[in-house]
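Taking it in order: structure first as structure tokens, then the write-up.
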Amino acid sequence: VIQWGLIVGPRVPGNYGSNNYLELVSDLAPFEDFMSKFASLDKNTMNGQHEMLYDALYLATYNLAPSPPYDLFSLKWTNVWDSIFSIPEIPEFIIDWRPNAHHVIIVFTDEPGDSYMSPKIDIPVLTKMITTSNDLKTYMFTAPNFMIKSSWEPLALNGGKWFPLAVDPSVLYNSLMDILDETACQ
């Protein structure tokens, strides 16, 4: 049975101000539960400017990697000019991966990869986390311009793939069906 999870960031509380946060909206759950949480997202809170998606990828892979370079208790959010935080707090930001399942992470973004944690999360750290993880494939959907693509395509690892973030929903749907065929229908 396929389990689905959702991490969203950056979000802005109450759609006002410049505080940004990363949220574990849904830990792994059946599709119906996942879709219910996905459908209830307030799109007005998704206009943050501090894209902490390298941090999201680190947190998502943490329980799959045999020896993560940074313990969750040693990681802190750095505050640029504003407040950056997560729901839940970093030490509780845990994905309950099933040990004997195929693991898949799909990232959708229109921004270059970035980190707002200390220590900073970067491509070498994420590459090690992903390549040493237990049965994990990573897929990236990003804008195709060089700056954005070059910060995400290297992280499409272990048989994963980079896809252009298409405006046409049928293109996105077909790409997602290809991923399901490759990973869940084996």
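When reading the values below, keep in mind they use all heavy atoms of this one structure, side chains included, and skip hydrogens, waters and symmetry mates. In this chain, numbering begins with 1 at the start of the sequence shown.
More than 12 heavy atoms of other residues, nucleotides or ligands shown are found within 6.0 angstrom of CZ on Phe108.
Looking at residues two or more places apart in sequence or on another chain, you find a side chain to side chain contact (heavy atoms under 4.5 Å, CB included) between Ile87 and Tyr21, Glu23, Phe85.
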Identify every side-chain donor-acceptor pair in residues 56-67 under 3.5 Å, counting partners at least two apart or on other chains, and give the distances.
from	atom 1	to	atom 2	distance (Å)
Tyr58	OH	Tyr70	N	2.9
Tyr58	OH	Tyr70	O	2.6
Thr61	OG1	Leu57	O	3.0
Thr61	OG1	Tyr58	O	3.1
Asn63	ND2	Ile95	O	3.1

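With values rounded to the nearest 0.5 angstrom, Ile106 atom CD1 is found 7.0 Å from Thr183 atom OG1. A distance of 9.5 Å separates CG in Asp110 from OG1 in Thr142, rounded to the nearest 0.5 Å. Separation of atoms CD1 (Ile105) and NZ (Lys137) is listed at 13.5 Å; rounding is to 0.5 Å.
Remark: the backbone N or O of Gly113 is paired with a side-chain donor or acceptor of Ser151 at under 3.5 angstrom. A donor-acceptor contact shorter than 3.5 Å links the side chain of Thr138 to the backbone of Leu157. In this structure, Trp4 contributes its side chain and Glu32 its backbone to no donor-acceptor pair below 3.5 Å. In this structure, Asp55 contributes its side chain and Tyr116 its backbone to a donor-acceptor pair below 3.5 Å.
With no hydrogens or angles considered, a side-chain donor-acceptor pair links Trp77 and Ser86 at under 3.5 Å. There is no side-chain donor-acceptor pair under 3.5 Å between Asp135 and His103.
Ile148 and Phe163 are members of different hydrophobic clusters when ILVMFWY side chains are connected at heavy-atom separations under 4.5 Å.
Between Leu180 and Ile2, some side-chain heavy-atom pair lies under the 4.5 Å cut-off. By the 4.5 Å heavy-atom criterion applied to side chains, Ile121 and Met129 are not counted as neighbours.
Annotation for Lys120 and Ser115: closest pair NZ-O, 2.7 Å, computed over non-hydrogen atoms. The heavy-atom pair separating Leu53 from Gly9 by the smallest distance is CD2-O, 3.6 Å.
Ring planes of Phe31 and Phe34: tilted class, angle from 30 to 60°.
Of the residues listed (Phe146, Trp162, Phe141, Tyr54), the one engaging Trp152 in a ring pair (Phe, Tyr, Trp, His ring centres under 6.0 Å) is Tyr54, and it is the only one.
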